[in-house]
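Below is one structure; the comments refer to it alone.
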Amino acid sequence: MMVIKEKIYELFDYIDNHALEEGNRLKKHLDYVDSEWNKLYSKKNDDSDRTLLALPMIDLTLKIKKFEMAKKWIDIYLDHESSEDEISLYNGKLEFEKLNYQKAHSLFKKSFELSNGRMMEGEGIYLDFYLNPEKYMND
């Protein structure tokens with residue numbers, strides 16, 4: 001049986017090699033990684049290296065609007081030690097991509113305030129949305 005850590009690194013390398021693909025080709029690779037993850041036994045969620053794989057999976061599933069899978073990988077990434085500002089940031093990203101702008105802004109505000117802006121540094125469009133919501137919300 002393959003050690004979980006080795007499999008996580010194998011899957012990370014796999015998705016990293018296919019991250020620039022688009023549409024159905026990217027979807028196929030995301031489905032493969034997700035399927036392989038599901039085959040690992042339950043202790044996989046206890047391995048801290050899971051976050052290495054979870055981050056690109058979150059970004060790529062959001063990119064192609066696979067929201068259910070994105071939520072799953074957000075939950076894999078976050079754990080009982082995650083801070084409220086981190087939880088709010090990742091759930092805010094999901095809501096933003098789902099075009100739930102009011103909810104996203106509320107979550108980003110919470111993340112921003114709890115972390116004094118630290119969690120949103122370098123977050124590109126998400127930070128821009130938080131600072132300039134009128135650019136995104138018509139109502």
Side-chain angles (χ1 to χ4, degrees):
M1 176 183 275
M2 182 178 276
V3 177
I4 288 177
K5 190 175 295 297
E6 291 172 5
K7 185 65 175 182
I8 289 172
Y9 281 99
E10 175 190 306
L11 293 173
F12 173 79
D13 288 342
Y14 178 87
I15 202 60
D16 190 51
N17 288 332
H18 296 283
L20 296 178
E21 294 188 25
E22 300 286 333
N24 286 336
R25 291 181 64 169
L26 179 57
K27 180 186 177 305
K28 179 183 78 161
H29 298 302
L30 293 170
D31 287 342
Y32 170 77
V33 170
D34 194 61
S35 173
E36 290 297 304
W37 176 263
N38 290 338
K39 293 177 187 175
L40 293 173
Y41 61 95
S42 62
K43 293 280 186 203
K44 63 191 173 202
N45 289 320
D46 296 336
D47 193 304
S48 62
D49 287 326
R50 77 189 186 292
T51 61
L52 175 74
L53 178 59
L55 285 173
M57 289 298 289
I58 292 167
D59 290 341
L60 295 170
T61 52
L62 288 175
K63 174 183 171 183
I64 65 167
K65 312 290 187 212
K66 286 188 63 104
F67 300 130
E68 189 173 313
M69 189 183 289
K71 177 62 175 150
K72 172 187 172 179
W73 282 95
I74 288 170
D75 290 344
I76 290 168
Y77 176 75
L78 300 171
D79 63 17
H80 66 280
E81 295 178 10
S82 297
S83 61
E84 277 298 310
D85 52 343
E86 190 173 34
I87 293 167
S88 296
L89 174 65
Y90 283 95
N91 286 311
K93 288 180 177 186
L94 177 62
E95 295 304 325
F96 176 86
E97 297 299 338
K98 290 167 72 176
L99 307 180
N100 294 334
Y101 292 136
Q102 295 287 351
K103 190 170 185 180
H105 194 268
S106 175
L107 288 163
F108 287 147
K109 181 177 189 215
K110 182 176 183 179
S111 178
F112 192 91
E113 290 176 354
L114 288 173
S115 70
N116 294 319
R118 180 187 53 79
M119 283 303 299
M120 298 211 50
E121 288 177 6
E123 288 296 338
I125 193 169
Y126 304 119
L127 178 59
D128 185 59
F129 166 71
Y130 171 68
L131 296 174
N132 306 292
E134 68 282 352
K135 287 172 47 178
Y136 301 85
M137 295 191 275
N138 296 327
D139 301 341

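Because only heavy atoms are used, hydrogens play no part in the values below, and waters and symmetry mates are left out as well, while side chains stay in.
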Given the rule in the salt bridge (charged side-chain N to carboxylate O under 4.0 Å, His left out) test, do Asp31 and Lys27 qualify, once you have shown the distances and angles that lead to the verdict? CA-CA 6 Å; Asp31 287 342; Lys27 180 186 177 305; 2.8 Å; yes

Do His29 and Tyr14 have side-chain N/O donor and acceptor atoms under 3.5 Å apart? yes

Separation between CG of Leu26 and NZ of Lys28, rounded to the nearest 0.5 Å: 10.5 Å

For Glu86 and Tyr77, test the side chains for any donor-to-acceptor distance below 3.5 angstrom and give the result as yes or no. yes

Can you check whether Met57's main-chain N or O pairs, donor with acceptor, with Thr61's side chain at less than 3.5 Å? yes

Does a side-chain heavy-atom distance below 4.5 Å link Leu62 with Phe96? no

Residues Asp128, Lys135; criterion salt bridge (charged side-chain N to carboxylate O under 4.0 Å, His left out); working and verdict: CA-CA 9 Å; Asp128 185 59; Lys135 287 172 47 178; 2.8 Å; yes

Does the Lys44 side chain pair with the main chain of Trp37, one donor and one acceptor, at a distance under 3.5 Å? yes

Measuring only between side-chain heavy atoms, which start at C-beta, is Phe12 closer than 4.5 Å to Asp49? no

If we ignore hydrogens and angles and just use 3.5 Å, is the side chain of Asn132 paired with the main-chain N or O of Glu134 as donor and acceptor? no

Validation row: Phe112, Leu89 side chains within 4.5 angstrom (heavy atoms): no

Tyr126 and Glu97 side chains, donor-acceptor separation under 3.5 Å: yes

Verify side chain to side chain contact (heavy atoms under 4.5 Å, CB included) between Ile125 and Tyr130, making sure each step is shown before the conclusion. CA-CA 9 Å; Ile125 193 169; Tyr130 171 68; over 6 Å; no

dist Lys65:NZ -> Lys98:NZ (nearest 0.5 Å) comes out at 12.0 Å

Are Glu95 and Gln102 side-chain neighbours, meaning at least one heavy-atom pair lies under 4.5 Å? no

Taking only Lys NZ, Arg NE, NH1 and NH2, and the carboxylate oxygens of Asp or Glu, determine whether Lys39 and Glu36 approach each other closer than 4.0 Å. yes

Would you say Leu60 and Lys66 make side-chain contact, with heavy atoms under 4.5 Å? no

What's the spacing between His18 NE2 and Arg25 CZ if we round to 0.5 Å? 9.0 Å

Given the rule that I, L, V, M, F, W and Y join up when any side-chain heavy atoms are under 4.5 Å apart, are Leu127 and Tyr101 in one cluster? yes

Any chance you could lay out the side chain to side chain contact (heavy atoms under 4.5 Å, CB included) test for Ser111 and Met120, step after step, and finish with the verdict? CA-CA 7 Å; Ser111 178; Met120 298 211 50; 4.2 Å; yes

Given salt bridge (charged side-chain N to carboxylate O under 4.0 Å, His left out), test Lys7 with Glu10 step by step and report yes or no. CA-CA 5 Å; Lys7 185 65 175 182; Glu10 175 190 306; 2.9 Å; yes

From Met119 CE over to Ser88 OG, what is the distance, rounded to the nearest 0.5 angstrom? 9.0 Å

Taking the side chain as C-beta and beyond, is there a heavy-atom pair between Phe129 and Met137 under 4.5 Å? yes

Tell me whether Leu20 is reachable from Ile64 by hopping between hydrophobic residues (I, L, V, M, F, W, Y) whose side-chain heavy atoms are closer than 4.5 Å. no

Please report the interatomic distance OG(Ser82) to CD1(Ile74), rounded to the nearest 0.5 Å. 11.5 Å

Does any part of the side chain of Lys71, heavy atoms only, come nearer than 4.5 Å to the side chain of Asn91, both counted from C-beta? yes

Return the minimal non-hydrogen interatomic distance between Pro56 and Leu52, and the atom names on each side. CD-O, 3.0 Å

Would you call Tyr9 and Leu53 a side-chain contact if the rule is heavy atoms closer than 4.5 Å? no

Under a 3.5 Å cutoff, is there a donor and acceptor pairing between the side chains of Lys72 and Asn38? yes

Determine, step by step, whether Lys93 and Leu107 satisfy the side chain to side chain contact (heavy atoms under 4.5 Å, CB included) criterion, reporting the C-alpha distance in whole Å, the side-chain angles of both residues, the deciding distance to 0.1 Å, and the verdict. CA-CA 9 Å; Lys93 288 180 177 186; Leu107 288 163; over 6 Å; no

Do Ile87 and Leu114 share a hydrophobic cluster (ILVMFWY, side-chain heavy atoms under 4.5 Å, transitive)? no

From Leu40 atom CG to Ile8 atom CD1, the distance as rounded to the nearest 0.5 Å: 7.0 Å

